[in-house]
Structures are given as C-alpha cells and as structure tokens.
Chemist: 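I'd like to ask you about the structure that follows.
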Amino acid sequence: MARLSMIEAINAALHERMAADERVVVLGEDVGVDGGVFRATVGLFDKFGEMRVIDTPLAESGIVGTAIGMAIYGMRPVAEIQFEGFMFKAFDQVYSHASRIRHRSQGYFGVPLVIRAPYGAGVRALEHHSDAPEALFAHLPGMKVVIPATPADAKGLLTSAIEDPDTVIFLEPKRLYRLFKEEVPEGEYRVPLGKARLAREGTDVTLVTYGGMVPVCEKAAQHVASEGVDAEVVDLRTVWPFDVDAIEQSVNKTGRLVIVHEAPRSLGVGAEIAATVGERCLLSLLAPIKRVTGYDVIPPLAKLEDHNYPSSDRVVRAIHETMEF
Amino acid sequence: MARLSMIEAINAALHERMAADERVVVLGEDVGVDGGVFRATVGLFDKFGEMRVIDTPLAESGIVGTAIGMAIYGMRPVAEIQFEGFMFKAFDQVYSHASRIRHRSQGYFGVPLVIRAPYGAGVRALEHHSDAPEALFAHLPGMKVVIPATPADAKGLLTSAIEDPDTVIFLEPKRLYRLFKEEVPEGEYRVPLGKARLAREGTDVTLVTYGGMVPVCEKAAQHVASEGVDAEVVDLRTVWPFDVDAIEQSVNKTGRLVIVHEAPRSLGVGAEIAATVGERCLLSLLAPIKRVTGYDVIPPLAKLEDHNYPSSDRVVRAIHETMEF
Amino acid sequence: MSNKELIQVMDPEGRVDEAAVRGISEAEMMKMYRLMVFTRLWNTKALSLQRQGRMGTIASVRGQEAANIGMGLALGANDWFCPSFRETGTLFARGVPPENMLLYWGGDERGARPLEGSRNLPVCITVGSHVLHAAGIAFGAKISGERVAVLSSSGDGSTSQGDFHEGLNFAAVFKLPLVVAIQNNHWAISVPIWKQTATETLAEKALAHGVAGARVDGNDVLAVYLTVKRLLEEARSDYKPALVELVTYRMDDHTTADDASRYRTEEMVAPWRAKDPIDRMRAYLTKEHGWDEQKDADLVSECTAEVEQAVRSYEAVTPPEPADLFDHMYAEEPWNLREQREEMLRSLGGSGR
Amino acid sequence: MSNKELIQVMDPEGRVDEAAVRGISEAEMMKMYRLMVFTRLWNTKALSLQRQGRMGTIASVRGQEAANIGMGLALGANDWFCPSFRETGTLFARGVPPENMLLYWGGDERGARPLEGSRNLPVCITVGSHVLHAAGIAFGAKISGERVAVLSSSGDGSTSQGDFHEGLNFAAVFKLPLVVAIQNNHWAISVPIWKQTATETLAEKALAHGVAGARVDGNDVLAVYLTVKRLLEEARSDYKPALVELVTYRMDDHTTADDASRYRTEEMVAPWRAKDPIDRMRAYLTKEHGWDEQKDADLVSECTAEVEQAVRSYEAVTPPEPADLFDHMYAEEPWNLREQREEMLRSLGGSGR
Ligand SMILES: Cc1ncc(C[n+]2csc(CCOP(=O)(O)OP(=O)(O)O)c2C)c(N)n1
Ligand SMILES: Cc1ncc(C[n+]2csc(CCOP(=O)(O)OP(=O)(O)O)c2C)c(N)n1
Ligand SMILES: [Mg+2]
Ligand SMILES: [Mg+2]
C-alpha cells in the first residue's frame with residue numbers, strides 16, 4: 001500500500017492496466033510526451049511507447065470516434081478529453097455510436113471504451129473548465145457514468161471501467177485530484193461498478209452525493225453531529241445506473257433525504273434520485289427531499305466560483321430544514 | 001380561421017414571420033428548393049428567395065454554428081435539423097455557445113435562434129429518426145425547449161419562439177404532423193412560452209404530459225372517465241422552463257400525479273417534474289407519483305416501435321395504480 | 001496523376017483498355033456482373049415490396065451497382081468494411097445474406113447482426129460519423145500489427161461533415177491503413193453537389209490532409225475494382241491512407257420517402273441512363289467474353305429466383321418479441337432495464353419472454 | 001501565387017521591400033510598433049501578476065505580437081473580429097481597454113463585456129467553434145447587404161477540428177465575406193504542428209474547400225497587415241473568402257498552467273528569438289524612419305505607465321456580488337433562476353443584491 005493522491009491513483013491504474021493488458025491504449029490531447037495537463041498519464045509514453053500512448057490532433061470527435069473504432073476492432077481504448085467542457089464536440093459519437101453499436105449490431109460488436117475527463121469546479125479555471133455535465137451522459141440509454149471521490153476508489157473504479165465490456169464515462173473531480181492522499185492498494189485493484197459506498201453511517205438523515213461533494217457532505221455531517229444530528233453519507237461512485245438499493249435502504253432507515261451535487265439542479269442526477277425515492281419510499285419519507293446543487297447557471301469564473309459550488313454551510317442548512325420539517 | 005394540420009400550421013407560422021420580419025431567415029438541409037422532407041418550409045424558397053431560405057451543406061454543426069453567428073449579427077435565424085437524432089453533431093454549438101453567448105458577453109450579444117427539428121417516434125422510421133432527446137437540452141442552463149401538441153399551438157408557439165430574444169429548441173412531434181387538423185388563427189398568432197395548457201379539466205388525478213403523448217393521455221382520460229375517474233390533462237407546451245404553477249395547482253387539486261412522456265424514463269423531464277412536485281406538494285400527494293415513459297432503450301425500429309411508445313393502455317394502468325394506492 | 005483526372009478503363013460503350021484489365025480473370029468479371037445484376041433485381045424487388053407496405057423506407061442503389069460491387073470485390077477477406085446506407089451491393093459482395101438486408105430495411109434490428117466472423121460494420125445512418133470508426137479500426141489493426149486495410153464508404157454529402165475531415169486528418173497523421181471512398185452520386189437528397197462544395201472534385205479534398213487522392217468513373221466496375229484494390233493494397237503494405245471519389249449518379253429518389261421530381265428534372269438524369277453500369281459491363285462481356293442474350297436471360301432468372309427465395313425467408317421470420325427491445329443495451333442488464341422489462345411483461349400479461 | 005509560398009516584406013534584420021510597403025504611412029508604422037510594444041509590456045505584467053496570485057491562468061502572446069497587431073490594424077472599423085484566446089494584441093488594436101482584459105483573465109466575467117458599438121466577439125475558449133460564428137456573421141452581413149468583412153482568428157490546432165472545415169466549406173459555398181486567419185505558432189500545448197497535420201503548410205487546407213489561401217511570415221507585422229488587409233478587401237468587395245496562415249512561434253509556455261520544458265527544448269525555440277517581431281520592426285524604423293534609443297526608451301516608459309494605470313484600475317474594481325452569477329442567463333429571468341437567486345440571498349442573509 002502506498003499513500004497516493006487521486007491523480008496518482010489514476011496514473012497508477014493506467015500503468016497497471018496497460019502493463020497487464022496490451023489491448024489497453026491511451027489517446028487524447030497531450031497525454032503522451034507531456035503526460036497530460038493534470039499529469040494523469042505521466043510515464044506511460046516512455047513505458048509503453050507512441051503506439052499505445054497516443055498524442056492526437058486537436059479534435060474531440062476524432063478522438064472518441066477513433067477510439068470507438070479501436071474498441072470495435074478489439075482494443076481497450078482509454079480516451080482522455082482534456083476538460084469535461086470539451087466533451088460535447090464528441091457528443092454525437094457518444095450519443096449515436098458508443099452507446100448504440102452493441103444494440104445496432106445486435107450484440108455482435110461491443111464498445112469497451114473508457115472516456116476520461118477532468119470534471120467539475122473548484123480550481124479557478126477558465127470557461128468550460130468547471131462544468132458538471134454528468135446528467136447529459138446518464139440520460140443516454142446504454143451509458144455508464146462513474147465519478148470517484150477518493151484515490152482508492154479512483155484506482156479501483158477506473159480498473160473496473162477499463163475491463164467493462166461497455167462504454168464508461170469516467171469523470172474525475174479536479175478539486176480532489178490533489179486535495180488529499182490515502183492508502184491505495186498496489187497492483188490489480190477493483191471496485192465494482194454500480195455499487196455505492198457508505199462514506200459515513202448515520203440514522204437521522206441521508207445525504208446522497210458523489211465526486212467533489214463527498215468531502216463537503218462529510219464536513220456537513222460532522223457539523224450537524226455536534227448538534228446531535230446523525231447523518232449518513234452515501235457516495236454513489238457510479239452515478240448511472242446508480243445503486244438504487246443502497247439509496248432505498250438508507251432512506252428507509254432515516255426517512256430524510258438531502259441530495260447534493262455540483263451540477264445544475266434542474267434535470268440533474270438529483271432529480272432522478274428524488275423521483276426514484278419518491279416512487280419507492282414515499283411512505284417512509286418524513287420530510288420533503290431536498291436538493292443542494294449548483295444553480296441553473298453557467299459555472300462562474302474564479303471570482304464567483306465558490307458561490308455556485310455547494311458549500312457545507314448550504315448542506316447544513318438543508319439538513320436543518322429537513323430535520324425541522 | 002382555416003383548418004390546418006400541425007405541419008401546415010408550422011409552415012404558416014414561417015410564412016407569416018418571414019413576411020413580417022425580414023431578419024427572419026430559414027436554413028438547413030433540403031429546406032429550400034425541396035421544401036423540407038416533411039414539407040415544413042414548402043413555398044418559402046419561391047416567396048423569399050435563396051438569400052433567406054438557405055439549403056445548406058450536410059453539416060449540422062455548420063448549420064447551428066452559422067445560425068448562431070447570424071443571430072449575433074442581428075438576424076432571426078430558424079435552423080432546421082432534419083431529424084432530432086442528428087442534433088448532436090451540433091450539440092457543442094448549443095451547449096457551449098447558443099446557451100452561453102449572452103452570459104459570456106455579459107448581456108451585450110444575444111442569440112435569438114430557433115432550432116427546429118422533427119421529434120419522436122411513431123412514423124416507422126430508420127434509426128435516429130425516432131428519438132426524444134428533450135431532456136438533454138432542458139438540462140442546459142440558458143436553454144428553452146418547446147414541444148407543441150396541436151396545430152394552433154404549433155403556430156403560436158413557433159411565432160413566440162422566433163420572437164424570443166434567446167435560443168429556443170423547438171421539437172415537432174412527427175406523429176402529430178398530419179394526425180389531425182384544427183382551426184388555426186390566420187395572420188399573427190402567439191402562444192406565450194412558459195405557459196401550460198389545460199387540455200382537459202379533472203379533479204381526481206393529474207396527467208402532466210406534452211407533445212405526442214397529449215392525445216394518448218386524452219384517450220386514457222376518456223377511458224377512465226367511463227369508470228368514473230375524472231382525470232386532468234396538463235399539456236406543458238414549454239418543456240423547459242416548464243409552467244410550475246400550473247403543475248402545482250393541478251396536483252394540489254387532485255393529489256395524484258401521472259407523468260407521461262415518450263423519452264427514456266431515467267433522468268428524463270419526468271424526473272424533474274416528480275422532484276419539483278415532491279418538494280412543493282408532498283403533503284397534498286395521496287399516492288406516489290407515477291411515470292409512464294419510453295423505456296431506457298434505443299428507440300426500436302418499426303417492428304417493435306409501438307411497444308416502446310407509451311400507449312393509452314399503459315397510462316390507464318398507471319392511473320388505476322395511482323387511484324388504488 | 002492529379003486528383004482531378006477521371007480514371008476509366010471501360011467507356012459507356014463497353015470498350016475496355018485491355019492492358020489495364022489484364023489482371024482480372026474472366027471468372028472475376030462474371031462475378032462482378034452477376035453481383036451487379038443480382039443487386040439491381042434485389043433493389044427493384046425491395047422497392048416494390050415497400051410500395052406494397054411489406055417493407056420500410058429504403059435507399060435505392062440503382063445506378064450505383066458498379067461503385068458498390070467494385071468496392072466489395074476489391075476488399076480482401078480480412079479487410080474491414082464500414083458502410084453508410086447505400087452500399088447494399090457491397091454488402092452482398094461481402095457475403096451478407098439478402099434476406100438479412102430485407103429484414104433490416106423491413107424494420108427488424110435482427111437483420112443488422114453481422115454473421116459470425118464478419119468484418120462489416122452495420123449500416124451507419126448518421127452521415128459522416130463512421131469515417132472515424134473506420135480510422136479507429138485501422139488504428140487498432142496497425143497497433144496490433146495485423147496487415148489489413150479498412151474501407152469506409154459514404155456519400156458526397158458526407159464530405160461536408162467535420163467527422164469526415166477529422167477522420168482523414170487522423171489517417172494522415174498516424175499513417176493508417178484506411179481508404180475513404182466517396183460515392184459521389186451528385187445528390188444529397190435535394191442538394192446537388194455544386195451546392196455541397198465549391199471544389200471542382202471531391203478527390204481534391206485529399207489535399208487538405210496530405211492523403212493520396214483518386215477520382216474514378218463510378219459506373220465503370222472495372223475501374224472501381226482496380227483503383228480501390230490498388231489503394232487498399234497500398235494502405236495494407238505501406239500504411240498509405242487515401243481518399244477515392246467514385247463518380248456516379250443516384251438514378252432513383254433519395255429513398256422511398258422522397259420525391260426527386262420536386263428538385264431535379266428528367267434532363268438532369270437522362271445523360272446518366274446512357275452510362276448505366278450494368279449495360280456497359282454487359283456490352284463488354286458480349287464483345288470480349290462470349291456473353292449472349294440467352295446466358296443473360298438465364299442469369300436474370302437465376303438471380304430472380306434467389307431474390308424471391310430471400311423474400312420468402314424474410315417474410316417467414318417470426319416477428320420479434322416485444323421484450324426484445326431491451327436486449328443488447330449492455331453486456332449485463334442493469335436494474336433499471338430489468339425492472340422495465342418486468343413492467344412490460346406484466347403489462348403484456350406475462351407474455352413476451 | 002501558390003499557397004505554400006511564404007509572404008514576407010520585412011526580413012529578420014529589418015530589411016524591407018519598400019515597394020511593397022509604400023501604401024503604409026509612417027504614422028501607421030509607428031502605431032503598429034507602439035501596439036506591439038504595449039502588448040508585450042502588458043503581457044509581461046499580466047504574467048508576473050499571475051505569479052503573484054493577482055491574476056488567473058493566462059495565455060501569453062509573446063512572440064505573436066506582429067500577427068496579433070497586423071490583424072488588428074488590417075480590420076476596418078465596421079468589420080467584425082472573432083478571436084480565440086491568444087489575440088490580446090488584436091483586441092487592444094480593436095480598442096478593448098487593457099484593464100478589461102486584466103479583469104477577464106483575472107476571473108471576472110464583467111471584463112468580457114464588449115464596449116458599446118463593439119464588433120468584437122468575446123474570447124472563445126473552445127478551439128475551432130467560432131470559425132462558424134464568424135461565417136454566420138459574414139452570412140448575416142451578406143444577407144443584409146452590408147459590405148463588411150469578418151475576421152476569425154484561431155491557432156494551428158484549430159485546423160484539426162471539424163468546425164474549422166465546416167466553416168470554410170460554408171464560406172466557399174455561400175461566398176461569404178470571411179477571412180479565417182490561423183496563427184500557426186507551431187504548438188498546440190505539447191503537440192507540435194508536425195503531429196497536428198500531415199500537410200506541409202496550413203494554407204494549403206484552403207484547397208479542400210475552394211477558398212483562397214495565403215501564407216505569411218507572422219513575425220513580419222508589415223506582411224501580416226498588408227496581406228490580411230488585402231484579403232479583407234477582397235472579402236468585402238468580391239465576396240471572396242480566404243484562409244491565411246500566419247507563421248509565428250509561441251515563445252512562452254502554453255499558459256501559466258503549462259511547463260513547456262516537458263516537451264520542447266531550448267534548441268527548438270532559439271532560432272525564433274532571432275526572428276522577434278518587435279526587434280525586427282525596431283531595426284527597420286531605426287534604419288528608415290529615424291527611430292532611436294531615446295525615442296524607444298520614452299515609448300517604453302510611456303507604455304509601462306499605461307500598463308501600470310490599467311493594473312491600478314483593474315485592482316480597484318469592486319468585486320462582483322454573489323448573485324451576479326444569475327445575471328445574463330436569459331433576457332428575462334425564469335422562475336427557476338428567480339427562486340434560486342432568492343435562495344442564495346436568503347442563505348447570504350439578505351446580502352448580495
Ligand atoms: C448527420 C446526418 N444528417 C442528416 C441526415 C439525413 N439524411 C439522410 S441521407 C442524407 C443525404 C446524404 O447524402 P449523401 O451523403 O450524398 O449520400 P446519398 O444519400 O447521396 O447516398 C441526409 C441529409 C443523416 N442521415 N445524418
Ligand atoms: C475544443 C477544445 N479542446 C481542447 C481545449 C484545451 N486547449 C486549450 S488551448 C489548446 C491548444 C490550442 O492550440 P492552438 O489551436 O494551436 O492554439 P494556441 O494555443 O497554440 O494559440 C487546447 C488543447 C480547448 N480549449 N478546446
Ligand atoms: Mg449523394
Ligand atoms: Mg498553436
């Protein structure tokens with residue numbers, strides 16, 4: 001075991017998978033010689049060479065469309081889109097092809113592709129560098145969306161994503177890349193897709209969240225604990241298809257639910273969680289479900305960034321409102 | 001007043017707006033000489049000429065990106081994407097630009113653009129010709145999404161959309177294009193964006209729907225009426241931002257809600273409606289909210305199409321379950 | 001030679017440059033002719049089934065049989081083929097059963113499933129997108145060291161799509177074994193080629209990306225075959241990507257949902273009737289290879305019988321089960337689909353499967 | 001002349017083809033020089049502010065001043081300009097206040113609002129996209145019968161994007177008054193031009209679309225000015241679209257978030273130091289227009305003072321109100337934003353506005 005940051009854990013997973021499976025190739029802008037603008041792919045080019053670690057021209061549709069072809073051929077491509085805000089030049093390739101070729105070929109071809117992208121706000125970046133677009137991918141039939149919240153999960157989930165026979169959108173919270181280190185198992189390490197993590201056990205209220213909001217919710221949970229409110233924090237890890245059993249169990253236990261994500265509220269993942277819980281747990285709900293999210297706005301630049309990025313204060317306020325209902 | 005089908009009403013709105021405002025231009029694939037694959041633009045080319053009715057090369061990003069530039073310049077472009085399934089080649093232009101240039105320029109430039117596309121299933125078409133992607137646009141901050149359900153609304157809403165200072169995604173249910181005719185006011189006719197239509201008044205259960213599902217819900221409402229259940233049918237018309245007051249009022253009156261759309265269920269517009277109602281009307285809900293929707297699948301080809309497209313039977317079943325809860 | 005020059009070895013009267021075709025055996029020529037004849041008969045039948053409501057909307061390949069078949073036979077068995085939606089003949093040449101093509105265009109996804117071992121992608125409806133898939137397959141082969149070539153085929157309209165250019169650029173930068181063929185049939189639905197691009201030819205678009213370019217008479221099956229074969233060989237052996245324009249003409253409406261009379265005149269189409277790819281090949285075979293009317297009549301009735309047989313098999317296929325629409329979404333079905341499948345089966349009263 | 005030939009009127013020693021520059025007045029030359037000097041001083045200051053944490057991530061234009069300023073001064077007052085993110089000098093030439101540029105790169109949207117009457121688009125971060133906006137503006141002008149030209153500027157990397165090609169194709173097919181300029185600074189972050197494309201030049205990509213193409217020494221402000229001015233005139237008067245490659249070099253890291261030493265060596269950069277656009281122009285002005293060290297020193301201190309003044313205004317700007325993040329989403333605020341705004345204000349204890 002070594003203490004790694006999330007970005008180091010991602011890099012470790014890529015090294016481990018590329019060494020273990022020669023079908024795995026990495027492609028994207030600046031992933032090779034440079035090692036990636038966030039250093040996620042550092043060392044891969046020297047170790048595995050330009051045929052498996054590919055600096056592409058500046059064309060996202062080209063990257064994803066080509067990766068789809070590689071996957072059809074039998075490779076296990078890991079495509080990096082440099083920032084989440086640039087994934088949309090490739091959106092047609094995801095919407096029309098990555099998510100459909102298995103169906104279109106009636107099971108004959110699959111698209112075992114991972115599309116990695118740095119995700120979310122919190123690093124004082126330029127426009128398009130602070131978006132949270134997970135809902136746009138989660139709504140696509142045939143898609144899987146994963147967002148890790150810890151270094152160990154990042155390694156284990158990325159490993160599972162690379163081995164998954166279908167396309168996985170793997171979004172990496174920039175804010176967590178270097179926020180903290182933790183023990184990360186060395187060598188092969190898997191965390192199953194579709195299974196949530198109980199980040200904190202509690203009995204009074206459930207916080208369902210993922211990615212960069214997990215530490216925010218943990219902080220809020222600690223705060224309300226000092227007031228005698230015992231909050232449970234469920235880290236989804238796989239945003240879609242999410243772990244409905246874990247959510248249901250927790251809400252049936254606590255009777256109260258606060259959903260927290262940084263993405264815009266309307267039609268976000270939180271809406272589906274709220275709708276699903278409403279359908280399944282209506283009778284165990286003691287208060288209306290609350291959503292603490294980014295607002296329905298363009299993620300602001302540095303000066304206002306923190307006012308859109310949900311704070312533990314906003315989560316605490318929501319917990320109070322839920323408890324006092 | 002003339003009795004028009006929806007496609008005729010759309011054509012009438014385009015003729016009327018182009019005659020009234022020379023800033024209005026129409027562009028897209030086959031919209032000119034041919035008059036559009038569904039005949040929506042028939043007659044415009046002869047009347048207004050090739051400078052205002054533009055047959056473009058086969059490039060959706062080119063169509064929308066160019067239309068954005070026209071709108072910035074001061075035109076009122078109406079871009080047609082030939083089928084909803086091809087909008088995603090232009091998704092980056094919508095996500096990154098149409099919805100953001102007002103904000104990016106801090107109010108200096110706007111993008112008064114309408115993107116029209118035939119929408120949804122029900123016409124036995126090829127792949128990509130039966131999709132229902134409204135949620136992908138509705139989730140984008142800065143976007144408006146309109147889906148008419150009647151010929152008169154199609155004319156009035158399209159007129160309002162063309163006059164709107166912001167970008168409007170205008171999705172036209174193919175299934176309704178020629179399904180029925182109704183009296184449509186001649187000349188200038190507006191239906192305000194953001195206001196729902198009470199398609200049927202009722203007291204026992206609320207059906208919130210839009211587009212091609214409106215007639216399906218009306219049929220279901222008639223059916224349960226014979227069983228003594230009085231269903232209210234709310235036609236959203238503007239899918240986003242939807243008319244929250246109309247939904248709230250109806251649900252507070254009936255205490256029961258069934259949401260019906262043809263789009264895939266998960267993370268669909270129905271999820272946001274359910275979440276919003278759950279937040280606002282929890283105490284007036286007498287039963288869990290039900291969603292009757294397309295399944296989370298690729299819209300099937302002709303042979304299975306009707307099994308994914310929600311039927312009035314499915315809606316009736318949901319009403320029964322809601323009433324019996 | 002320049003990208004703009006038109007490569008032709010057989011003129012509309014069936015006069016052939018014998019030196020150029022020396023490499024093609026008579027058997028191969030017969031195969032080309034037979035496939036063109038079969039494709040036209042299948043196509044005619046499919047269109048009439050559509051008029052009778054026994055078939056869905058379908059894209060006719062009439063007039064493009066030479067381009068279709070020339071490509072199909074130029075491909076090696078291990079090569080990959082990435083079609084758009086107007087390559088019916090190419091797919092027949094690649095071994096796709098005619099009844100499967102009927103099933104697919106008839107609105108049944110199962111018709112699109114490739115046969116075991118097939119290296120044909122399913123029909124791609126979104127214009128232009130699959131050029132990138134072809135580039136990726138070529139990249140995969142290169143990385144794996146397998147010496148095969150990939151052929152992408154799309155229409156003149158696809159050259160306006162960003163994906164077409166991104167694909168050619170990737171092919172050039174990474175020296176991929178990729179040949180991008182453009183069936184220039186002069187129309188993208190109602191948009192004529194002169195409104196699609198300002199360039200004189202489509203082949204010259206190769207210049208923007210530094211790939212080889214060639215322009216071929218697409219109604220000359222021998223020229224298409226020889227040129228595409230040469231380019232595929234260069235791709236396979238030298239990692240030399242290429243763009244090839246096949247100049248042909250769409251003789252029918254765009255699809256059965258279209259009415260070409262709204263945007264083009266008989267005067268525009270007429271000159272192309274004289275260039276018919278099948279008449280041309282028949283004239284040549286008659287002059288040089290002892291073909292005659294009797295043989296031709298026999299071939300036609302033989303192929304017609306095969307088409308009729310295909311129609312019977314197509315119409316004998318048991319319709320899909322409703323719940324089949326949940327199949328093939330993922331390798332492993334997640335909870336949402338499992339529940340929705342059960343929901344459907346309940347509503348069908350436990351039927352379906 | 002061929003697209004591949006490099007247009008140059010001033011060599012690195014400042015020797016000028018006097019015939020070529022006869023049309024440029026001394027005053028205009030001084031303006032060019034002054035703007036280049038100012039831009040470099042502003043740029044140097046902004047980078048140092050960034051190191052001190054007083055500025056956000058920023059893209060340096062050092063080495064590209066001639067390309068920036070040549071474009072800026074070639075534009076007519078009514079022409080439109082569509083920048084990417086490395087046209088700081090062009091925007092100064094177009095009248096954007098230096099403190100606004102600091103405000104924008106400092107992370108405050110308000111800095112991006114164009115001045116009243118401006119025809120500059122805000123910075124476009126997504127590489128390639130805005131070529132289409134420029135084409136659309138040009139289309140709008142043509143439809144309205146206004147005789148203006150539109151200049152789009154982006155980097156070498158943008159030539160790999162589909163939108164770049166779709167934009168050029170639209171410009172060619174519809175004969176739009178559009179000039180697409182490419183600042184080829186040899187790098188797209190770590191990706192060198194020879195990995196970006198297989199073509200020898202970027203100008204030759206014009207051939208794929210049938211637009212005029214030109215290739216200019218981008219460190220020669222006189223050549224950039226003259227060539228872009230000519231192409232804009234042809235666009236304005238003859239509806240003749242063009243692609244122009246400005247050959248220059250990125251002397252600094254990609255942005256302040258980048259470390260170029262990871263992917264390029266000093267040997268690669270060195271030859272370009274000798275081609276510095278400002279030294280070159282200074283040498284010429286000294287030889288031919290009585291410029292001297294004293295005048296230069298005065299100019300530098302004058303510009304430095306202006307930059308310092310801009311920094312003071314920038315840092316004196318009152319920070320935005322939290323609720324400002326809700327502004328400018330729609331012309332009219334819908335219920336969801338109104339409620340979220342109120343929610344924020346409540347949580348801020350009624351502060352904000
Ligand atoms: C991305 C996309 N946009 C629009 C369409 C609708 N459409 C189907 S075929 C076609 C014209 C295609 O023309 P071309 O590429 O020349 O191929 P052809 O039909 O002539 O074989 C169009 C616009 C589509 N299928 N895909
Ligand atoms: C669509 C898109 N993809 C990726 C990026 C990230 N990115 C910012 S600048 C850049 C390189 C741009 O290179 P070039 O076009 O040559 O312009 P330069 O930076 O050299 O001026 C990249 C990849 C982006 N801004 N937009
Ligand atoms: Mg065509
Ligand atoms: Mg560059």
Side-chain angles (χ1 to χ4, degrees), chain B residues 22-23 25 27 50-52 54-57 59-75 77 89-90 92-93 95-97 99-113 141-144 164-167 193-194 238 240-245 272 276, chain D residues 80 82 109-116 118-126 128-146 148 150 152 161-163 165-174 176 178 324-325 327-337 339:
Chain B
E22 65 176 13
R23 298 171 306 168
V25 300
L27 70 161
E50 64 174 5
M51 288 299 272
R52 290 181 63 198
I54 303 156
D55 276 319
T56 67
E60 286 72 16
S61 189
I63 292 166
V64 173
T66 303
I68 288 170
M70 290 176 171
I72 289 171
Y73 179 81
M75 315 299 288
K89 289 191 177 288
D92 179 60
Q93 286 292 345
Y95 175 102
S96 300
H97 302 292
S99 67
R100 289 171 174 242
I101 282 171
R102 176 182 298 284
H103 180 263
R104 184 176 302 145
S105 66
Q106 292 287 290
Y108 184 76
F109 293 116
V111 184
L113 162 66
M143 219 17 66
K144 296 180 183 182
D164 195 89
D166 289 302
T167 298
L193 304 187
T238 296
W240 189 256
F242 53 59
D243 186 344
V244 68
D245 299 334
E272 181 57 42
T276 302
Chain D
W80 287 74
C82 307
E109 286 82 358
R110 294 172 301 174
R113 185 184 165 96
L115 300 185
E116 281 323 303
S118 161
R119 287 183 154 191
N120 303 323
L121 258 50
V123 161
C124 177
I125 298 287
T126 60
S129 322
H130 66 288
V131 176
L132 285 166
H133 308 157
I137 292 169
F139 214 149
K142 184 173 183 176
I143 295 167
S144 317
E146 193 198 10
V148 293
V150 181
S152 162
Q161 289 282 12
D163 282 356
H165 291 281
E166 295 187 16
L168 283 180
N169 187 46
F170 271 59
V173 166
F174 297 112
L176 303 179
L178 173 68
D324 291 357
L325 61 82
D327 296 347
H328 308 303
M329 288 304 302
Y330 297 87
E332 203 183 319
E333 188 161 84
W335 65 271
N336 57 313
L337 288 174
E339 290 187 359

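What you are looking at is a predicted structure, and each value in this text was computed from that prediction instead of being measured. For the numbers below, each heavy atom of this structure counts, side chains included, while hydrogens, waters and symmetry mates do not. Numbered from 1 within each chain, the chains take letters A, B, ... in sequence-line order.
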Chemist: Non-hydrogen atoms of chain D under 4.5 Å away: do they reach the side chain of B:I68, the backbone, both or neither?
Modeler: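 For B:I68, the side chain is the part near chain D, not the backbone.
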Chemist: Considering the options B:R23, B:M70, B:E22, which one meets the side-chain contact (heavy atoms from CB on, under 4.5 Å) requirement together with D:I143?
Modeler: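 Exactly one pass, corresponding to B:M70.
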Chemist: D:D163 vs B:Q93, test: side-chain contact (heavy atoms from CB on, under 4.5 Å). Steps then yes/no.
Modeler: CA-CA 10 Å; D:D163 282 356; B:Q93 286 292 345; 3.1 Å; yes
Chemist: Can you tell me which portion of B:T56 sits under 4.5 Å from chain D's heavy atoms? Options are side chain, backbone, both or neither.
Modeler: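 When you check distances to chain D, atoms from both the backbone and side chain of B:T56 fall under 4.5 Å.
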Chemist: Counting only heavy atoms closer than 4.5 Å, note whether B:M51 contacts chain D via side chain, backbone, both or neither.
Modeler: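 Its backbone and side chain both get close to chain D.
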Chemist: Report which part of B:Y108 has an atom under 4.5 Å of a heavy atom belonging to chain D: side chain, backbone, both, or neither.
Modeler: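 Answer is both: backbone and side chain atoms of B:Y108 are under 4.5 Å from chain D.
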Chemist: B:P165 versus D:E332: any side-chain heavy-atom pair under 4.5 Å?
Modeler: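 The answer is no, as the side chains (C-beta and beyond) never meet within the 4.5 Å cut-off.
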Chemist: Does some side-chain heavy atom of D:C124 sit less than 4.5 Å from a side-chain heavy atom of B:H97?
Modeler: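 Answer yes - side chains close enough.
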Chemist: Against chain D, label B:S96 side chain, backbone, both or neither, depending on which of its atoms sit under 4.5 Å from a heavy atom there.
Modeler: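 The side chain, not the backbone.
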Chemist: Which answer fits D:L115, side chain, backbone, both or neither, if we ask what part of it has an atom under 4.5 Å from a heavy atom of chain B?
Modeler: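 When you check distances to chain B, only backbone atoms of D:L115 fall under 4.5 Å.
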Chemist: Any non-hydrogen side-chain atom of B:T66 less than 4.5 Å from a side-chain atom of D:F174?
Modeler: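 Not in contact.
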Chemist: On the 0 to 90° scale, with breaks at 30° and 60°, tag the D:W80-B:Y73 ring pair as parallel, tilted or perpendicular.
Modeler: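 Answer is tilted, since the angle falls between 30° and 60°.
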Chemist: For B:V64, is it the side chain, the backbone, both or neither that has a heavy atom under 4.5 Å from a heavy atom of chain D?
Modeler: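 Contact with chain D is absent: no heavy atom of B:V64 under 4.5 Å.
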Chemist: Report yes if some heavy atom in the side chain of B:F109 is under 4.5 Å from a heavy atom in the side chain of D:S118; otherwise report no.
Modeler: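 With C-beta onward as the side chain, the pair stays apart.
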Chemist: With only heavy atoms counted, which part of B:L27 is less than 4.5 Å from chain D, the side chain, the backbone, both or neither?
Modeler: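 Neither part; nothing is under 4.5 Å.
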Chemist: Could you measure the distance from the CE atom of B:M143 to the CE atom of D:M329? Nearest 0.5 Å is fine.
Modeler: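 Going from the CE atom of B:M143 to the CE atom of D:M329 covers 8.5 Å.
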Chemist: Need one label for D:V123: side chain, backbone, both or neither, based on atoms under 4.5 Å from any heavy atom in chain B.
Modeler: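 The backbone, not the side chain.
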Chemist: Tell me, side chain or backbone of B:A59 under 4.5 Å from chain D's heavy atoms, or both, or neither?
Modeler: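 Both parts, backbone and side chain.
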Chemist: Can you check whether D:W335 reaches B:D243 side chain to side chain, under 4.5 Å on heavy atoms?
Modeler: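 Side chain of D:W335 against side chain of B:D243, heavy atoms only: no contact under 4.5 Å found.
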